[in-house]
Structure formats: structure tokens, C-alpha cells
Student: 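Here it is, the structure, as C-alpha cells.
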Amino acid sequence: MAIFSVYVVNKAGGLIYQLDSYAPRAEAEKTFSYPLDLLLKLHDERVLVAFGQRDGIRVGHAVLAINGMDVNGRYTADGKEVLEYLGNPANYPVSIRFGRPRLTSNEKLMLASMFHTLTGIKFVVLADPRQAGIDSLLRKIYEIYSDFALKNPFYSLEMPIRCELFDQNLKLALEVAEKAGTFGPGS
Amino acid sequence: MSRPAHRRPAYHKIGYGIGTRLVEDFLARSCVGRCHSYSEITDIIAQVAFKMYLGITPSVTCNNSSRNEFSLILDKNPLVEFVEELPAGRSSLCYCNLLCGIIRGALEMVHLAADVTFLQDRLKGDSVTEIGITFLKKREEKKYRRKK
């Protein structure tokens with residue numbers, strides 16, 4: 001999904017709220033027989049789908065597991081190279097799980113946006129640069145903060161935010177923003 | 001029966017608590033940017049904030065030639081719309097101090113120290129209700145903007 005994390009920082013610089021990669025990654029597990037109708041290539045130490053699309057598996061998805069065993073980069077759990085393994089017809093039929101690759105801090109595709117209010121509270125959103133509408137999302141988060149965190153009588157200012165309504169509404173707002181915003185290839 | 005004189009500071013305190021939180025709600029909904037002068041701030045309090053939360057627009061006057069004392073004149077105070085007169089024995093009660101506390105709390109959250117008091121009160125026989133705002137020396141701005 002295009003929005004990776006949301007952080008809220010108070011006046012003193014302490015983190016009072018964080019929400020990371022909240023959305024479940026779309027994953028698809030399918031059984032394949034030889035020959036594989038998807039073209040795979042090695043990229044950045046991961047095996048990605050370069051061409052071919054079926055049943056929820058898209059270009060850019062990574063091989064996450066083979067026959068139920070998690071894949072470690074370009075090698076399977078027992079040390080065999082994934083591309084070699086999948087090139088050998090003797091190993092078929094094989095069940096492969098595809099999904100969006102897990103995010104690492106090496107991703108060059110992240111954009112951080114910050115909204116600094118006049119009172120010193122800072123809202124930080126980490127998102128895909130292709131995601132549009134981050135400005136309005138930040139304002140919406142500010143409104144949600146003022147509605148559900150501030151109006152909660154049990155919440156003290158500058159303290160970590162532990163308000164359920166704030167969580168719920170924030171996730172709702174993120175979902176709406178993602179549906180409305182991304183213009184790049186979707187997940 | 002408790003002494004009304006002691007109650008007065010409590011309204012201000014309640015208002016202060018409200019004000020510190022209300023200001024974020026106000027900023028989130030009204031999209032006002034940074035103000036550049038005290039008179040601009042007072043104008044915004046009167047025309048945008050009061051209108052948003054109480055539905056009235058007080059008029060602003062400037063009392064002091066050094067431009068840091070202002071008054072908000074309310075000809076209609078929604079908080080006392082249904083009050084005919086203060087109960088006997090409680091004539092020093094000034095529960096609109098709530099409003100003063102709110103304004104002070106809100107200003108403090110945006111790093112502006114101010115003294116806010118009630119100058120005139122219609123309930124006590126004055127012709128209008130007047131809230132006085134005196135801006136004190138601005139607190140040290142955080143230095144993150146300094147160019148070096």
C-alpha cells in the first residue's frame with residue numbers, strides 16, 4: 001500500500017504516536033506447473049515478477065515463499081537459488097506465494113511529509129512519492145487529532161496517544177486517502 | 001455555602017484547560033496562517049474564533065497606543081442569554097471568566113503570553129460586556145529558524 005507510516009511528535013520532540021505499514025500486504029499463493037507463465041527476474045537481491053499478470057499477481061510482486069517455505073532473498077530456505085529451482089521442470093508442480101516485497105529502509109521510493117502546526121505538534125507521514133493528496137491527508141490527521149485525542153478528557157497533552165477512536169478514525173482516513181490518491185501501479 | 005470570590009479563579013482555570021485544546025481544533029478547522037501582529041491576532045479571535053464557536057462577532061478596539069492592549073466588545077453574550085440577574089449574595093460571581101481563560105490558554109499554546117480579563121460586564125450593570133486582552137512580552141521563539 002502506498003502509505004507506510006504515520007508519526008505524531010509533540011512540542012518537546014517526543015514521539016507520541018506511531019502507526020506503521022498498517023495495511024496487510026496483498027499476497028497470493030498459487031500452484032504452478034511447468035512452464036511458468038510469469039517472467040521472473042532478480043532485482044536487488046529479490047526475485048520479482050518482471051512480466052505477466054494473473055489472479056492478483058502483478059508486476060513488481062516478489063516471491064515470498066515456495067511450497068510453504070519462506071524464501072530468503074534469492075535463495076530458498078534450504079539454500080537453493082530460486083530462479084534455478086523454478087527453471088527445473090522436475091520441481092513442478094510447485095506452489096509459490098507472491099506479494100508486495102517487504103519494505104526496507106533501502107527503498108529509494110519513500111517520501112516523508114511533515115505538517116508542523118502553530119502549536120508545535122508535528123505530523124509525519126511516510127508514503128510512496130506517487131501517492132497524491134498527502135497535504136490534505138495531513139490536515140485531515142490534524143483534524144482527527146483535535147477531534148479524538150484532544151476532546152478525550154482522559155488524554156493529557158504532550159503524552160502518548162492511547163485513544164481507540166483516534167486509531168480507528170486515523171486508519172479510516174488512511175484507507176480513504178489511498179483509494180483516492182495513488183496514480184502509480186497499484187498493489 | 002462556598003465563597004464566590006474563590007470560585008472566580010476556578011472558571012479561569014477551567015477555561016484555560018479548554019483553551020489549550022480548543023486552539024488545535026480551531027487551527028485545524030479554520031486554516032488561518034501565522035499572524036504578524038497583535039491586532040491581526042485579536043481580529044482573528046473576534047471574527048473567526050468567536051464566530052465559529054459562539055456564533056457572535058465581537059468588535060475590536062485598541063486601547064493602548066503601544067499596540068499591545070485590545071478589547072473585545074460583545075453586545076451579545078451567549079453564555080448569559082438566559083440569565084436575568086445574578087443571584088443575591090453572589091454578585092461578585094463572574095463565570096464568563098471562562099471565556100477569558102479560554103483565550104489565555106489558546107494564546108499560550110501558540111507561544112503568546114497574554115493577560116485576559118473582564119473589563120465590563122452587562123450582568124453587573126455596565127452597558128456592554130468587554131473583555132480586555134493585554135499581550136505580554138512574546139516568549140522566546142524557538143531558534144530552529146535561525147540562519148547561520
Student: Would a single hydrophobic cluster contain both A/L42 and A/I96, if residues Ile, Leu, Val, Met, Phe, Trp and Tyr are joined by side-chain heavy-atom contacts under 4.5 Å?
Tutor: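 Yes: a chain of side-chain contacts under 4.5 Å links A/I96 to A/L42.
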Student: If you count the non-hydrogen atoms of other residues, nucleotides and ligands that lie under 6.0 Å from CG in A/D135, is the total more than 12?
Tutor: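 No, CG of A/D135 has 12 or fewer neighbouring heavy atoms, counting only those of other groups under 6.0 Å.
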Student: May I ask whether A/L36 and A/M69 are part of the same hydrophobic cluster, defined by side-chain heavy atoms of I, L, V, M, F, W, Y residues being less than 4.5 angstrom apart, directly or through others?
Tutor: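 Result: no, two separate clusters.
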Student: Return the minimal non-hydrogen interatomic distance between A/R139 and B/L27, and the atom names on each side.
Tutor: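 Residues A/R139 and B/L27, closest heavy atoms: NH1-O, 4.1 Å.
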Student: With clusters defined by side-chain heavy atoms of hydrophobic residues (ILVMFWY) lying less than 4.5 Å apart, directly or transitively, does B/I45 cluster with B/M52?
Tutor: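 Same cluster: B/M52 reaches B/I45 through Ile, Leu, Val, Met, Phe, Trp or Tyr contacts under 4.5 Å.
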Student: With respect to chain A, which residue among B/V32, B/L22, B/D25 yields the maximal number of heavy-atom pairs within a distance under 4.5 Å?
Tutor: B/D25
Student: Looking only at non-hydrogen atoms, find the nearest pair between B/R29 and A/S146 and report the distance.
Tutor: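 Heavy atoms only, the tightest pair is NH2-OG, 4.1 Å.
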Student: If every non-hydrogen atom of B/M109 is compared with every non-hydrogen atom of A/L157, which pair is closest and at what distance?
Tutor: CE-CD1, 4.1 Å
Student: Got more than 12 heavy atoms from elsewhere within 6.0 Å of NZ, A/K41?
Tutor: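 Buried by this count: over 12 neighbours within 6.0 Å.
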Student: Give me the atom names and distance for the closest heavy-atom approach of A/N152 to B/R21.
Tutor: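 Taking A/N152 first and B/R21 second, the nearest heavy atoms are O-NH1, 3.3 Å.
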